[in-house]
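Letters A, B, ... are given to chains in the order of the sequence lines, protein chains preceding strands, and every chain is numbered from 1. Only heavy atoms go into these numbers, but all of them, side chains included; no hydrogens, no water, no symmetry mates.
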Amino acid sequence: MIQKPRGTIDILPDSSPVWRYIESKARETAACFGYGEIRFPTFEATELFNRGVGDTSDVVQKEMYTFLDRENRSFTLRPEGTACVARSFIENNLYTETMPQKLYYLVNCFRYEKPQAGRSREFYQFGAELFGSGSAMADAEIISLARMIILNIGITDFSLEINSIGCPACRPAYHRVLKEYFLSQKENLCETCRGRLETNPLRILDCKSPVCSKIAENAPRSIENLCGDCSSHFAKLQDYLNAMKIPFLINTKIVRGLDYYTKTVFEFISENIGAQSTLCGGGRYDGLIETVGGPKIPGIGFAMGITRLILAYEEEQKIKEKQNEIKTDCPELYIAPMGNDAQVIALDIIQNLRYKNISADCDIMGRSLKAQMKYADKIKASYVLILGDNEIVTGAAEIKNMNTGEQTKVYINDIENLIKILKNIESD
RNA sequence: GUGGGUAUAGCUCAGCUGGUUAGAGCGCCAGGUUGUGGCCCUGGAGGCCGACGGUUCGAACCCGUUUACUCACCCCA
């Protein structure tokens, strides 16, 4: 048997309604905030991610699906969306349009990782990007959008953590201070962290090993080593969030793994979805557009993992013992024909209903009436119309309401009346 | 890339210290008389016990290897 690749999923009709639900809530909310949808290629030049996401990031170093095409050009399946949007933003000259530019996307992404709860090799994310404003108001808006999406979905058990990791002006100095501190404790650090001393000391702050995290507790904090600009930006953001009554915590350990982040970084976290607890991650990237070959334009955005949102949503429904109100696709009418003549008439009726965009179905298995009733019940048809020889002779048939069990007579030629019954409209 | 757990019917799982025709519940299909679903009853289909190799008279069960799934680390959404 040929199996699907590791870390990918099939979404079957049973579960696709919850996907559509989550996706449509995200789309609606983004539209409400004035964001327009952008779509872009599934693969891009590898160079885009090397420069945009950053050579030193784990994503680029060991997680990309990179391949050569027939002309030996190197392409990569997108591991994230922001670099792609940045490329499209530049290539389509969106920077010549009025600012800000507000975009959202809903795409699948690919990273070569070992799958676990809340993480797969092909995953789906919803993201939003706001270009053109360096103001902390933009930060507040994008955070507010992310939060509103999560709330609109119906997830309430989550928290927002924010941090500032500085800008090219103040980060080098902070890195030096940080490195000095960790150097003094070098012998106690774990093996990987000793390596990080040289490559990226920021990462040590995020280390989960008990020893390292204890050492990290007393490490100099980025927010205490910000330049004047970054510092006031961070203060303003907090003012705006407070004004919007958006609760948050400052977590000085948030270090995003994508190299393009500057100043504000944030995460929305859920405790209900396993170890991969980040529902949404994002931050400001004032240098990104320039890095990938565009003009100097600031930006901020976030991405949220669809499967993690689904996990959090379903977990919360379970905890609160709520019946979720997501509609499944079931037919309004099922016709149970008996005999050849009835089948022909049944086909005609469902065809007419379908022309009017009313979901209708009939037996194509040649089953007995009883089996057809069972089937109609299983697919949750709202009504069943029974058609046999008697009905063809008299032109009148019984239509059964499957919820109440009630049966009424209808004329099989009177489609309009049939529709009225299906739609629960009083007929005169 | 590193570590832990698990692999028996479509699904959830039994299978006693290795002993011959491998089980249950759910699901699926068909019936319970003459044209009516949900409950109940009866019957049926469906498994080389993840794969390969070894020990043994004999392996779903013991040993080795491998693959997949899963959880965690790393990292991230």
Side-chain angles (χ1 to χ4, degrees), chain A residues 1 3-9 12 14 53 56-63 78-82 106-127 146 150 190-193 195-196 200 203 206-210 212 254-258 261 265-270 273-283 301-312 334 336-339 342 365 367-391 397-407:
Chain A
M1 192 186 65
Q3 293 177 301
K4 65 179 166 55
R6 179 162 212 197
T8 60
I9 52 167
L12 303 178
D14 254 4
V53 177
T56 64
S57 67
D58 279 19
V59 169
V60 168
Q61 278 184 351
K62 44 187 198 191
E63 293 174 2
R78 57 182 169 223
E80 60 112 40
T82 303
L106 184 49
V107 296
N108 51 347
C109 297
F110 308 84
R111 291 184 201 169
Y112 195 93
E113 295 191 270
K114 200 149 171 194
Q116 72 185 77
R119 180 173 28 187
S120 49
R121 290 184 173 178
E122 180 181 18
F123 59 102
Y124 301 81
Q125 57 179 35
F126 178 92
I150 296 169
C190 74
E191 210 172 308
T192 42
C193 282
R196 284 170 174 152
N200 192 350
R203 289 270 174 77
D206 206 26
C207 184
K208 304 284 191 306
S209 115
C212 294
I254 295 182
V255 180
R256 314 250 70 231
L258 279 44
Y261 286 116
V265 290
F266 61 90
E267 286 181 4
F268 285 87
I269 292 166
S270 166
I273 58 172
Q276 305 303 317
S277 55
T278 305
L279 286 173
C280 168
F302 66 79
M304 39 192 29
I306 304 292
T307 46
R308 292 187 188 175
L309 292 171
I310 292 174
L311 274 176
Y334 179 84
M338 285 169 292
M365 298 292 285
R367 279 196 263 238
S368 70
L369 178 61
K370 182 167 182 161
Q372 292 194 57
M373 292 303 292
K374 281 189 179 177
Y375 179 76
D377 183 52
K378 203 167 302 163
I379 63 176
K380 297 192 172 72
S382 307
Y383 289 88
V384 172
L385 182 71
I386 295 150
L387 271 189
D389 291 340
N390 299 343
E391 285 75 11
E398 293 287 331
I399 185 167
K400 181 167 188 173
N401 180 323
M402 292 298 273
N403 293 321
T404 63
E406 211 176 306
Q407 296 200 175

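Summarising the geometry, the separation between CG on A/L369 and C1' on B/U36 is reported as 5 Å, rounded to the nearest angstrom. Distance CG (A/D389) to C1' (B/G35): 10 Å, rounded to an integer number of Å. In this structure, the CG atom of A/N401 is 15 Å from the P atom of B/G37, given to the nearest Å. Rounded to whole Å, the distance from CZ on A/F266 to P on B/A77 is 10 Å. Distance, A/Q276 CD to B/U70 P: 14 Å, rounded to whole Å. As rounded to whole Å, 19 Å separates atom P of B/G37 from atom OH of A/Y383. Atom pair A/M338:CE and B/U36:P shows a separation of 9 Å (rounding to whole Å applied). Taking atom CZ on A/R121 and atom C1' on B/A77, their separation rounds to 17 Å, with Å as the unit.
Closest-nucleotide positions on RNA chain B for A/K114 and A/F123 were compared, and the one nearer the 5' end corresponds to A/K114. Between A/E267 and A/G388, the residue whose closest nucleotide on RNA chain B is further toward the 5' end is A/G388.
Residue-level contact check: A/E391 touches the bases, meaning some heavy atom is under 4.0 Å from a base atom. No contact: A/G282 has no heavy atom under 4.0 Å from any strand. As judged by a 4.0 angstrom heavy-atom cut-off over every strand, A/Q372 is placed among residues making no nucleic acid contact. Contact annotation for A/L309: no contact, since no heavy-atom pair falls under 4.0 Å across all strands. Residue contacts shown for A/A303 are limited to sugar-phosphate atoms, with no base heavy atom under 4.0 Å away. Note on A/Q407: a base of the nucleic acid sits closer than 4.0 angstrom, heavy atoms only. Contacts of A/S120 with the nucleic acid, taken as non-hydrogen atoms under 4.0 Å apart, include base atoms.
Taking all atoms of both residues into account, the shortest heavy-atom contact from A/T278 to A/E267 is OG1-OE1, 3.6 Å. Across all non-hydrogen atoms, the minimal contact from A/I386 to A/A397 is O-CB, 3.5 Å.
Among B/U36, B/A77, B/A72, the nucleotide with an atom closest to any side-chain atom of A/E398 is B/U36.
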Set out, line by line, the N/O atom pairs under 3.5 Å between protein and nucleotides 66-69 of chain B.
{"from": "B/C69", "atom 1": "OP2", "to": "A/R6", "atom 2": "NE", "distance (Å)": "2.7"}

Quick one: which protein N/O atoms are closer than 3.5 Å to N/O atoms of nucleotides 38-47 of chain B? Pair and distance per line, please.
{"from": "B/G38", "atom 1": "O4'", "to": "A/D377", "atom 2": "OD2", "distance (Å)": "3.3"}

Protein N or O to nucleotides 26-28 of chain B N or O, pairs below 3.5 Å:
{"from": "B/C28", "atom 1": "OP1", "to": "A/K378", "atom 2": "NZ", "distance (Å)": "3.1"}

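Nucleotides B/C49 and B/G23 place their P atoms 14 Å apart, quoted to the nearest Å. Comparing B/A9 with B/A24, their P atoms sit 14 Å apart, to the nearest whole Å. Look at the P atom in both B/C13 and B/C71: the space between them is 14 Å, to the nearest Å. Look at the C1' atom in both B/G46 and B/G25: the space between them is 16 Å, to the nearest Å. Between B/C28 and B/G38, the two P atoms lie 12 Å apart (nearest whole Å). Comparing B/G43 with B/G5, their P atoms are spaced 43 Å from each other, to the whole Å. As rounded to the nearest Å, B/C11 and B/A72 have P atoms that lie 23 Å from one another. The gap from the P atom of B/C73 to that of B/C16 amounts to 35 Å, rounded to the nearest Å.
An OP1 or OP2 oxygen of B/A72 is reached within less than 4.0 angstrom by a side-chain nitrogen or oxygen of A/Q116.
A/I9 has its side chain within reach of A/Y124: a pair of non-hydrogen atoms, C-beta onward, lies under 4.5 Å apart. Between A/C280 and A/R308, every side-chain heavy-atom pair lies at or beyond the 4.5 Å cut-off. With a 4.5 Å cut-off on side-chain heavy atoms, A/I150 and A/M304 count as touching.
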Problem - Dot-bracket encoding of pairs in RNA chain B, which uses [ ] for pseudoknotted crossings and | for another strand, Watson-Crick or G-U under 3.5 angstrom - result: (((((((..((((.....[...)))).(((((.......))))).....(((((..]....))))))))))))....
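You'll find a donor-acceptor pair under 3.5 Å spanning the side chain of A/N390 and the base of B/G35, going by distance alone.
Annotation: side-chain contact (heavy atoms from CB on, under 4.5 Å) contacts of A/A371 (sequence neighbours excluded): A/R367, A/S368. For the ring-ring contact (aromatic ring centres under 6.0 Å, His included) test, no residue two or more places apart in sequence or in another chain qualifies with A/F123. Remark: A/F126 pairs with A/Y104 by the ring-ring contact (aromatic ring centres under 6.0 Å, His included) rule, at least two apart or across chains. Not a single side chain to side chain donor-acceptor pair (under 3.5 Å) links A/Q276 to another residue, sequence neighbours left out. Remark: A/M402 pairs with A/M373, A/A376, A/D377, A/V384, A/K400 by the side-chain contact (heavy atoms from CB on, under 4.5 Å) rule, at least two apart or across chains. The side-chain contact (heavy atoms from CB on, under 4.5 Å) search around A/Q3 returns A/M1, not counting sequence neighbours. Looking at residues two or more places apart in sequence or on another chain, you find a side chain to side chain donor-acceptor pair (under 3.5 Å) between A/E80 and A/Y260.
Here A/Y375 does not pack flat against the base of B/G37, since the 5.5 angstrom centre distance and 30 degree tilt limits are not both met.
Interatomic distance, CD of A/E398 versus CG of A/L387, reported as 11.5 Å (0.5 Å rounding). Distance check: A/I399 CD1 to A/S382 OG gives 10.0 Å after rounding to the nearest 0.5 Å. The CZ atom of A/R121 lies 9.5 Å from the OG1 atom of A/T8; values are rounded to the nearest 0.5 Å. One finds the OH atom of A/Y334 at 6.5 Å from the OH atom of A/Y375 (value rounded to the nearest 0.5 Å).
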For residues 106-117 of chain A, which side-chain donor-acceptor pairs fall under 3.5 Å, sequence neighbours excluded?
{"from": "A/N108", "atom 1": "OD1", "to": "A/R78", "atom 2": "NH2", "distance (Å)": "2.7"}
{"from": "A/N108", "atom 1": "ND2", "to": "A/E122", "atom 2": "OE2", "distance (Å)": "2.7"}
{"from": "A/R111", "atom 1": "NE", "to": "A/P79", "atom 2": "O", "distance (Å)": "2.7"}
{"from": "A/R111", "atom 1": "NH2", "to": "A/P79", "atom 2": "O", "distance (Å)": "2.9"}
{"from": "A/E113", "atom 1": "OE2", "to": "A/R119", "atom 2": "NH1", "distance (Å)": "2.7"}
{"from": "A/Q116", "atom 1": "OE1", "to": "A/R119", "atom 2": "NH2", "distance (Å)": "2.7"}

